[in-house]
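Below, chain A is the first sequence line, B the second, and so on; all start at residue 1. Because the structure is a prediction, the values reported are computed rather than measured. Every heavy atom of this structure was used, including side-chain atoms; hydrogens, water molecules and symmetry mates were not.
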There are 2 protein chains.
Amino acid sequence: MATLKQVAAHAEVSVQTVSNALNAPHRLRPDTLERVNRSIELLNYRPNRNARSLRTSAVELIGYCVPNWPNQTHLVMDQFLHALCAAAERTGRHILLFTAPPGVDGMPVYDDLHARRLVDGFVLSQTETHDPRHGWLKEQKIPFISFGRVWKETTQPGPWVDVDGAAGSAMAVRHLHEAGRRRIAFLSWSKSSGLAEDRLGGWRKACKELGLPTSGLAVRCREDSITEGARATAELLDADPFLDGIVALSDILALGALRELGRRGLTPGVDVGVTGFDDSPLADVVSPGLTSLRQPMDDIAAELISILTDPDGPPDASTERLLHPELVIRGSSAPG
Amino acid sequence: MATLKQVAAHAEVSVQTVSNALNAPHRLRPDTLERVNRSIELLNYRPNRNARSLRTSAVELIGYCVPNWPNQTHLVMDQFLHALCAAAERTGRHILLFTAPPGVDGMPVYDDLHARRLVDGFVLSQTETHDPRHGWLKEQKIPFISFGRVWKETTQPGPWVDVDGAAGSAMAVRHLHEAGRRRIAFLSWSKSSGLAEDRLGGWRKACKELGLPTSGLAVRCREDSITEGARATAELLDADPFLDGIVALSDILALGALRELGRRGLTPGVDVGVTGFDDSPLADVVSPGLTSLRQPMDDIAAELISILTDPDGPPDASTERLLHPELVIRGSSAPG
DNA sequence: CTGAAAGCGCTTACAG
DNA sequence: CTGAAAGCGCTTACAG
């Protein structure tokens with residue numbers, strides 16, 4: 001493994017010049033630069049990142065806590081991680097994975113990783129309603145960026161990027177309305193979820209604007225499962241035989257709706273239009289395909305990394321980015 | 001941020017002694033050790049990892065390439081990553097994520113990460129039949145360990161950990177046989193997949209041993225989708241109305257089988273027993289639940305990390321570990 | 001534009 | 001058991 005010194009000796013310049021050739025090539029005369037680059041090539045030199053980091057005290061590594069919630073599967077996690085890595089790499093950085101206990105119990109792990117200079121900062125996801133991590137990190141002045149809002153009544157304890165769930169639900173409602181649906185229900189979760197309330201609100205608002213009924217058409221599911229989605233759908237259909245549209249808070253709940261429709265001999269996309277959220281791999285693998293609201297993962301990741309690594313210093317709490325989901329239309333809402 | 005020097009000054013010892021207190025506490029007299037530890041605590045000292053790595057030239061970071069294959073979703077990736085992280089952390093290491101083009105085109109990325117000392121070695125997964133990465137890394141003498149075999153005719157180009165797919169299929173067959181099934185089919189993939197041939201072989205062998213028929217009972221699916229699983233199941237049922245068991249190569253194919261059974265008014269677990277592979281989150285979220293072969297992720301991860309970080313030096317190609325899957329029984333094979 | 005030198009924060013023979 | 005010193009491979013004021 002060649003070092004800077006060896007390259008310098010080979011190119012007959014000082015180490016400083018080799019370092020500049022790498023980090024500030026404009027400072028060198030073209031012929032010197034070329035000579036140095038030839039030596040770098042020839043010796044197959046790669047700068048040692050640890051030495052660099054020790055000197056600059058920046059490791060160019062971003063911490064991400066890999067979630068472990070058996071009961072809430074993150075079906076689009078591989079997409080998110082891939083996008084996050086790719087975005088980090090575009091700035092010469094990488095993602096360091098770690099595990100930590102949920103909530104505030106995990107914070108010493110974050111603190112330790114930062115203090116020992118294994119990472120420069122953190123990307124938080126799986127943000128929970130009233131998530132305590134953000135406030136803690138802010139307190140410790142540890143740089144971070146959140147994917148997802150904390151949904152506190154007061155201001156957000158830090159910068160965030162999120163997808164506009166209300167706008168997503170509204171898009172789904174308008175799409176179903178255009179397809180002729182007039183009684184559109186909403187499958188939700190518990191009231192305590194900020195995310196659920198956001199998406200529910202978008203459904204209600206869009207229905208009102210289009211003059212569609214909402215009363216009795218929102219059902220809360222106890223958990224995010226196919227079974228619960230099917231149960232809620234059964235409840236809706238029993239109460240309202242003219243129901244012709246279902247906007248579900250998640251792909252899993254939507255899959256439950258599809259199953260209950262099938263059980264009753266109703267054809268999704270023909271008798272009842274159904275939409276989900278997240279455009280998980282399942283949406284494309286069922287038949288009919290599930291219309292779903294795709295989170296723009298590449299844009300989300302790019303914003304997260306760009307805010308966290310802003311050269312003007314660590315982000316403050318006023319940085320907010322609300323991105324729009326994209327409706328991916330499949331057979332469950334529009335037979336074709 | 002306190003440094004070793006400051007701690008030494010505070011405890012009135014040399015830096016060497018503080019370093020020893022951290023890395024070789026047995027070398028200190030108990031009273032010295034206690035004094036040093038008090039100073040460490042008081043100053044909230046955390047050793048700078050970059051300085052350590054520069055000195056020891058070990059970064060304690062393991063590279064893992066985050067897969068991006070849209071057409072083959074890795075439904076258990078979050079489980080795998082969590083297990084891998086946790087296992088790495090038990091040895092004081094962490095996982096560094098990166099992206100790379102598939103196949104041999106990605107190898108310069110691996111080489112660069114290793115040469116620049118961002119990682120000590122790699123964990124490979126999503127191993128493909130005749131995967132070229134293993135041979136390349138071996139050639140470059142870059143430490144790695146593979147989850148999954150390359151399925152070359154010749155010897156493996158490196159150490160690996162894998163799950164015994166043949167044993168898994170055999171377990172599924174015996175389980176269905178015990179439940180009274182006598183005509184058990186197998187849903188497979190293309191012949192070119194070593195993994196598929198392994199699992200198919202286990203099914204055939206177990207059937208033969210139990211005196212069950214196999215002729216015409218293995219179907220190859222063109223892709224890993226619910227639709228293909230359903231199509232293959234339809235083909236099987238059309239050809240053999242007495243079919244009463246289906247062992248599927250994947251949970252996705254098994255889900256297709258469940259759907260086709262439902263479509264024909266047959267009840268999974270009652271009329272036909274069905275099993276899948278991987279125990280993905282879907283298996284538990286459908287109804288009836290899908291009986292499936294769980295890969296022992298924690299054991300796999302522990303073996304991977306233990307082999308890769310063996311203190312006796314980097315692993316050689318002769319290290320092999322074949323772990324057993326576990327049959328998780330749900331309603332699709334045994335109505336409860 | 002280029003070079004000699006200090007220093008980032010550790011670890012580790014070596015000597016006492 | 002403890003300490004003084006060299007050195008890991010870089011970057012960066014500073015001087016020429």
### Message
By the salt bridge (charged side-chain N to carboxylate O under 4.0 Å, His left out) test, which pairs, at least two apart or in different chains, include something from residues 103-118 of chain A?
### Response
Asp111(A)-Arg46(B), Asp112(A)-Arg116(A), Asp112(A)-Arg46(B), Arg117(A)-Asp120(A)

### Task
Can you tell me which residue pairs pass the salt bridge (charged side-chain N to carboxylate O under 4.0 Å, His left out) test with a partner in residues 296-309 of chain A, sequence neighbours excluded?
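Residue pairs with at least one partner in residues 296-309 of chain A: Glu303(A)-Arg321(A).
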
### Query
Going 5' to 3' on DNA chain D, which nucleotide is the first and which the last to come under 4.0 Å of a heavy atom in chain A?
dG9(D) to dA13(D)

### Message
Using the side chain to side chain contact (heavy atoms under 4.5 Å, CB included) criterion, which residues pair with Arg93(B)? Sequence neighbours excluded.
### Response
Glu60(B), Ile62(B), Ala88(B), Thr91(B), Thr309(B)

### Query
With sequence neighbours left out, what residues match Gln295(A) under side chain to side chain contact (heavy atoms under 4.5 Å, CB included)?
Phe147(A), Val163(A), Arg199(A), Asp278(A), Met297(A), Ile300(A)

### Nucleic acid contacts - residues 27-50 of chain A versus DNA chain C, non-hydrogen atoms under 4.0 Å
Arg27(A), Leu28(A), Arg29(A), Thr32(A)

### Task
Tell me which residues in residues 5-26 of chain A put a heavy atom below 4.0 Å from DNA chain C, sorted by number, or none.
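Only Val13(A), Ser14(A), Gln16(A), Thr17(A), His26(A) qualify.
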
### Query
Quick one: are the ring centres of Phe144(A) and Tyr110(A) less than 6.0 Å apart?
no

### Message
Is it the case that the ring center of Tyr64(A) lies less than 6.0 angstrom away from the ring center of Phe122(A)?
### Response
no

#### Entry: Partner residues of Gln6(B) under the side-chain hydrogen bond (donor to acceptor under 3.5 Å, both in side chains) criterion, sequence neighbours left out
none

### Message
For His10(B), give me all partners under side-chain hydrogen bond (donor to acceptor under 3.5 Å, both in side chains), at least two apart in sequence or on another chain.
### Response
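Residues passing side-chain hydrogen bond (donor to acceptor under 3.5 Å, both in side chains) with His10(B): Ser39(B).
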
### Query
Can you list the residues that meet the salt bridge (charged side-chain N to carboxylate O under 4.0 Å, His left out) rule with Glu320(A), with sequence neighbours excluded?
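None.
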
### Query
With sequence neighbours excluded, what pairs up with Asp164(A) under the salt bridge (charged side-chain N to carboxylate O under 4.0 Å, His left out) test?
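With neighbours one apart ignored, the set is empty.
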
### Message
Show, in sequence, the C-alpha distance, side-chain angles and deciding distance for Leu118(B) and Leu61(B), and conclude whether the side-chain contact (heavy atoms from CB on, under 4.5 Å) test is met.
### Response
CA-CA 7 Å; Leu118(B) 269 89; Leu61(B) 249 34; 5.9 Å; no

### Query
Knowing that exactly one of Leu22(A), Asn20(A), Val13(A) qualifies, which makes a side-chain contact (heavy atoms from CB on, under 4.5 Å) with Val36(A)?
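Among Leu22(A), Asn20(A), Val13(A), the one that satisfies the side-chain contact (heavy atoms from CB on, under 4.5 Å) with Val36(A) is Val13(A).
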
### Secondary-structure stems for DNA chain C, with pairs counted as Watson-Crick or G-U when both distances are under 3.5 Å and runs at least 3 long
C:1-3 with D:14-16, C:5-12 with D:5-12, C:14-16 with D:1-3

